[in-house]
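Heads up: the structure comes next, in structure tokens.
Quick caveat: nothing in here was measured; it's all calculated off a predicted structure.
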Amino acid sequence: MSDLTWQKSSFSEAAAANCVELAAAPDGIRIRESDEPDTVLRTSPAPLGALIRSVKAGRLDHTL
């Protein structure tokens, strides 16, 4: 997975830890946390889009 180009939000500071990073892979999208780079999740655009829409709409706030 070292050949992936990881990206994080422009709202994240360059040296900040605990950032979610995304990378496009031939078979989907990879997600990891910057302070745990060896733990990587795999998904595809549709489920990731649904998660992002849910977070933005606040539908997951009750789980905190």
With rounding to the nearest 0.5 Å, note down the distance linking [atom1] in [X] to [atom2] in [Y].
X: Asp38; Y: Glu33; atom1: CG; atom2: CD; result: 12.5 Å
X: Thr39; Y: Ile31; atom1: OG1; atom2: CD1; result: 13.0 Å
X: Leu22; Y: Leu4; atom1: CG; atom2: CG; result: 11.5 Å

- Message: Do the side chains of Lys8 and Glu21 get close enough for a salt bridge, i.e. N-O under 4.0 angstrom?
- Response: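 A salt bridge is absent here (no side-chain N lies under 4.0 Å from a carboxylate O).
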
| said: Any carboxylate oxygen within less than 4.0 angstrom of a Lys/Arg side-chain nitrogen, looking at Arg30 and Asp27? | reply: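 Here Arg30 pairs with Asp27 in a salt bridge, since their nearest N and O are under 4.0 Å apart.
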
**Request:** Report the C-alpha distance between Val55 and Asp61 in whole Å, list the side-chain angles of each, state the deciding distance to 0.1 Å, and finish with yes or no for side chain to side chain contact (heavy atoms under 4.5 Å, CB included).
**Result:** CA-CA 8 Å; Val55 169; Asp61 291 349; over 6 Å; no

Q.
I'd like to check Ile29 versus Ser44 (side-chain heavy atoms, cut-off strictly below 4.5 Å). Are they in contact?
A.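 Answer no - side chains too far apart.
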
